[in-house]
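Structure record follows, encoded as structure tokens.
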Amino acid sequence: MAILLGCIADDFTGATDLCNTLVKGGMRAVQLIGVPARGTPVPDADVVTIALKSRTCPVQQAVDQSLDALAWLRNAGATQILFKYCSTFDSTPEGNIGPVADALMEALGADLAVVCPAFPETGRTIYHGHLFVGEKLLSDTHMRHHPLTPMTESNLVLAMAAQTKKRVGLVPYAAVDAGSDAIADRFAALRKAGVSYAVTDAVADRHLLHLGEAMHGHRLITGGSGIALGLPENFRRAGKLEARDAAALPAIDGYEAVLAGSCSAATLEQIDHMAETHPAKKLDPFALADGYATDLALDWAKEHLGKSPVLIYASAPADDVAEAQKVLGRDRAGTLIEDAMAAIAKGLVKAGVRRLVVAGGETSGAVVKALGVTGLAIGPQIDPGVPACVTLGDKQLALALKSGNFGAEDFLTKAFSQMPGERKRP
Ligand code: ADP
């Protein structure tokens, strides 16, 4: 089995978001968590995205992991590689976007790669090489003060040039708006001028579609989820993509549960909404510090399983979080809760839960690790950026994993309706 497109994502939720975009475009997508061991069978999919945690790790580690991922994807048959980073170009002058892109480009023998984090649907647009978030330049947003990757440069040509020794150029708005032929002409001119990276303007989805067509055959593409918008059509036109429901997932029956560890405003609202009509239990970080609370929460959940989806949450308003962090320490509070969520997830699955929703990026990471999940088949979208998934391998689980701020108010219960299969009754 050979895949068509191989993607390397620098974080977990970004990988899911990218897969979601490709599935909507008609490509069957699988997300693998980390680089699989040698000999791991290639999943039956059109695209595989390997999710790394390489956005803010040391540069060399990011490069090594990305090259390992590349080797696996090429071995799986991928002829085009997409390096996916955040739509706000999260990086420092040291990297990791530039060094990873350089290493991939050299390994692939590519001579030109697009650099395009634009995602107009979420307000990320590029004009005259400058990245905007909504109406503001990137450097005028909260990203300026990001603790790990402060973005003080909105000009992507300069931001990329600071991270690579290769030359960086621009495909300006006029070419991108005129269509794929004009873009291809510009690519040719840039190549001739010795440019290796082409930052591309894009302010609307049609620009991403034009770019997609013009990037046909490019060995390496770099960008946010948006740059994937125009890629499925290339494979379809080449007769490589079968016409079928790319979002189809196997039906998974079992008890239903929700675990929430995100304290973002959206998740807090979603918890209130679900708790109005469903059994809900709050985990207290202080009780977790004393032990027992995990077992108590599991015992409580078992009483309700099957009657209705159950909700267990640690999420709390900012004041309560600050208090817990003051007393327990910031890292310890987070770890206590993540460990508890991981243990509860394992206990729930042992008790027959097969349909699970998790809120929070770190929380999802902890749960997926505890459950030994190595990969996910990506299904239909629940809300923008968040699809329903089914785990690979035996003992399959239906999962929805969302980063804190995603999803509408009814997300936590609506998610189950996008998972094929049924809730088991007691
Ligand atoms: P998000 O996607 O919103 O960033 P995460 O799961 O990534 O959510 O991060 C939330 C962090 O907050 C986790 O480490 C979690 O353990 C921690 N946390 C959750 N509830 C509390 C709480 N009541 N007090 C302190 N920390 C908490």
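Order of listing sets the numbers, starting from 1, for every ligand and every atom in it.
- The aromatic rings of H210 and H207 sit perpendicular to each other, their planes meeting at more than 60°, with 30° as the lower class boundary.
- Two rings, from Y127 and F132, have their centers 6.0 Å or more apart.
- Between the side chain of R28 and the backbone N or O of V23 there is no donor-acceptor pair closer than 3.5 Å.
- In this structure, E303 does not pair ionically with K281, as no charged nitrogen and carboxylate oxygen lie closer than 4.0 Å.
- The side-chain tip of K240 does not point at the ring of F235 from less than 6.0 angstrom away and within 45° of straight on.
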Would you mind listing each N/O atom of ligand 1 next to any protein N/O under 3.5 Å, plus the distance?
| residue | atom | partner | partner atom | Å |
| --- | --- | --- | --- | --- |
| ligand 1 | 2 (O) | G361 | N | 2.8 |
| ligand 1 | 2 (O) | G404 | N | 2.8 |
| ligand 1 | 3 (O) | S262 | OG | 2.7 |
| ligand 1 | 6 (O) | E362 | N | 3.4 |
| ligand 1 | 6 (O) | T363 | N | 3.0 |
| ligand 1 | 6 (O) | T363 | OG1 | 2.6 |
| ligand 1 | 7 (O) | G361 | N | 3.2 |
| ligand 1 | 7 (O) | E362 | N | 2.7 |
| ligand 1 | 14 (O) | E338 | OE2 | 2.5 |
| ligand 1 | 16 (O) | G334 | O | 3.1 |
| ligand 1 | 20 (N) | A314 | O | 3.2 |
| ligand 1 | 23 (N) | A314 | O | 3.0 |

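- Ring centers of F411 and H273: at least 6.0 Å apart, outside the cut-off.
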